[in-house]
Amino acid sequence: MKKNKVSAVIVVMCLVTAMLVTGCGSTAGSAEKSGGNQNTQDRAENRIAGLTFTESVPLDYAEGFAIDAYEDGYYFLDVYDDAKYLIVPEGRDVPEGLSPDIKVIQQPLTNVYLAATAVMALFDSIDAMDHITMTSIRESAWTIDNAVKAMREGRLKYAGKYSEPDYEMILGNGCDLAIESTMIYHTPEVKEMLEELGITVFVDRSSFEPNPMGRTEWIKVYGVLTGKLDQATEYFEGRKEVIRDLSDFENTGKVAAFFYITTDGKAVVRSSTDYVPAMISMAGGRYAFEGIMDEDGKTSVSMTMESFYEKARDADYIIYNASIDATVKSIDDLIAKDPIFSEFKAVKEGNCYSTGSNMYQRTDVISNMIMDFHKVFTGEDDGNLEFLSKLE
């Protein structure tokens, strides 16, 4: 083992010991929510001393962050309910007197550890995957072709799952940023360890966007981080164009039940405030489980088959979440889960679909998912849907 790796192991072991002695506290970030897509005047207090503010990056759907641009390539990024960041361009210094509440991300980013898997597609869409060298899932779990290719070629390496990262590898490879999903707050000791090792942790909160297109608009965040904001903006404009004609579309009133069945026979649906029901609504349909929410704010809600039957038996369409449970490939498979499905309206009429396994990783083309739903609800399914497959 090389000298630097030995040193890395020693540092990690010492820090782990210290954290076990002192204990680890859980926090979901200390920054107060500034609220929505603010204007520049409202964010005046966030301007950085010594830097000259130029403009705020326009946002159409996203409500979870704001980006302010400064002269010489600096950017201030405010992720609401979490943290604030200053992106410092290559060759530039961190401004003196910067508030300790603002985290610094120094460009260029050349060794990113990506544990927020839904973000990979956004990097891929702006040709920025070369910034990512480590990931939290193995090759077999990726549904993004370029991620699979990068792992096969050794340009992208598995560095442990988000809750148990390989600290030695991450530190030894000179990781300059760890991008995590909000799942990291279930294991706060991991976030604290990465920060103790001098690695800036960025938590992606795109899953909390109330509008599905807001999730895709987080591509502007990663455009700023990688120096490709123009490409990110251009890409997002193209995504907006895909659903342009839906803005004035009158809802069909067709009801869709989106769910999967657990191994113990319970139905798991999405909270009515989740982005999937929002996609259904934008596509011109109605969600069968309107008003269903988890008390703890989780995106999924489990219910008994009796309760599920009462809500979904008369739904016009059944959409089985095969990205979680891929065992349902036909209507017979669905009925095998529970014979009661034979009594559902959608089953009797043959209006049953399943999602693709790539649904949750493709945040770059949520607009295409919306259009798939739209084609189903309007009877325009031509058999060439991208994310939905009809069950026969």
Side-chain angles (χ1 to χ4, degrees), residues 5 8-30 64 79 81-83 103 105 109 111-123 131-144 147-148 150-151 156-208 215 218 222 260 262-263 268 274 294 296-300 302 323-325 357-361 363:
K5 288 193 174 183
V9 174
I10 294 173
V11 170
V12 171
M13 291 179 65
C14 290
L15 286 171
V16 169
T17 302
M19 294 181 78
L20 289 174
V21 172
T22 59
C24 299
S26 175
T27 176
S30 59
V79 179
D81 283 335
D82 196 85
K103 299 182 179 183
I105 297 178
L109 298 176
N111 289 292
V112 172
Y113 167 61
L114 181 64
T117 54
V119 171
M120 183 67 84
L122 302 181
F123 273 80
H131 295 267
I132 303 170
T133 58
M134 294 167 283
T135 180
S136 63
I137 63 175
R138 299 183 184 276
E139 178 187 319
S140 59
W142 282 113
T143 60
I144 298 171
V148 173
M151 294 199 82
L156 180 65
K157 298 180 179 179
Y158 176 69
K161 60 184 181 180
Y162 81 94
S163 58
E164 297 179 6
D166 185 335
Y167 295 112
E168 181 185 354
M169 174 185 285
I170 291 172
L171 191 62
N173 284 354
C175 179
D176 40 35
L177 183 69
I179 300 177
E180 302 278 354
S181 72
T182 53
M183 292 294 290
I184 195 64
Y185 288 126
H186 295 297
T187 55
E189 67 278 6
V190 173
K191 182 174 182 291
E192 292 180 24
M193 174 63 78
L194 290 169
E195 292 172 337
E196 288 283 351
L197 293 173
I199 299 169
T200 300
V201 177
F202 178 85
V203 180
D204 178 89
R205 293 180 60 84
S206 60
S207 61
F208 286 90
R215 300 191 76 193
W218 276 69
Y222 302 108
Y260 72 92
T262 64
T263 54
V268 178
D274 180 62
D294 181 81
D296 298 323
K298 295 179 181 178
T299 58
S300 296
S302 178
S323 62
I324 301 296
D325 174 23
S357 61
N358 60 347
M359 180 175 180
Y360 291 121
Q361 290 186 14
T363 53

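Just so it is clear, the values below take in all heavy atoms, side chains as well, and ignore hydrogens, waters and symmetry mates.
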How close do I199 and A178 get, counting heavy atoms only, and between which atoms? CG2-N, 3.9 Å

Is there a donor-acceptor contact under 3.5 Å from the side chain of S302 to the main chain of V268? no

Could you tell me whether the side chain of M134 reaches within less than 4.5 Å of the side chain of L156, counting heavy atoms only? no

Check for a donor-acceptor pair, side chain of D166 on one end and backbone N or O of E168 on the other, with a separation under 3.5 Å. yes

Considering all heavy atoms of both residues, which atom of E180 and which atom of V201 are nearest to each other, and what is their separation? CG-CG1, 3.8 Å

Restricting to salt bridge (charged side-chain N to carboxylate O under 4.0 Å, His left out), what partner residues turn up for E195, sequence neighbours left out? K103, K191

Using a 4.5 Å cut-off on heavy atoms from C-beta on, say whether the side chain of K161 contacts that of I137. no

Distance check, rounded to the nearest 0.5 Å: T117 atom OG1 versus Y162 atom OH? 11.0 Å

Which atom of T135 lies closest to which atom of M151, heavy atoms considered: CG2-CE, 3.8 Å

Closest non-hydrogen contact found for S163 with V190 is O-CG2, 3.3 Å

Just to verify, what does D204 make a side-chain hydrogen bond (donor to acceptor under 3.5 Å, both in side chains) with, not counting sequence neighbours? S206, Y222

Closer than 3.5 angstrom, by distance alone: can the side chain of Q361 be matched with the main-chain N or O of T143 as a donor-acceptor pair? yes

Any side-chain to backbone donor/acceptor pair from N111 onto D176? Under 3.5 Å, distance only. no

Before you tell me yes or no, could you show the steps for M120 and W142 under side-chain contact (heavy atoms from CB on, under 4.5 Å), namely the whole-Å CA-CA distance, both residues' side-chain angles and the distance that decides it to 0.1 Å? CA-CA 10 Å; M120 183 67 84; W142 282 113; 3.6 Å; yes

Trace of the side-chain contact (heavy atoms from CB on, under 4.5 Å) decision for F123 with I179: CA-CA 12 Å; F123 273 80; I179 300 177; 3.8 Å; yes

Here the gap from C175 atom SG to L194 atom CG, rounded to the nearest 0.5 Å, amounts to 7.5 Å

How many angstroms lie between CG in L122 and CG in L114, if you round to the nearest 0.5 Å? 9.5 Å

How far apart are the C-alpha atoms of V203 and V79, what are their side-chain angles, what is the distance that settles it, and do they pass the side-chain contact (heavy atoms from CB on, under 4.5 Å) test? CA-CA 9 Å; V203 180; V79 179; over 6 Å; no

Any heavy-atom pair between the side chains of F208 and D81 that's under 4.5 Å? no

Point-to-point distance, once rounded to the nearest 0.5 Å, from CG of N173 to CD1 of I170: 8.5 Å

Using ring pair (Phe, Tyr, Trp, His ring centres under 6.0 Å) as the criterion, list what pairs up with Y113, not counting sequence neighbours. none

What one should report as the nearest heavy-atom pair of R215 and A118 is NH2-CB, 4.5 Å

Do T187 side-chain atoms and E189 backbone N/O form a donor-acceptor pair below 3.5 Å? no

Kindly give the heavy-atom pair with the smallest separation between T363 and A121, and that separation in Å. N-CB, 4.2 Å

Within the structure provided, determine whether Y360 and I324 are in side-chain contact (heavy-atom separation under 4.5 Å). yes

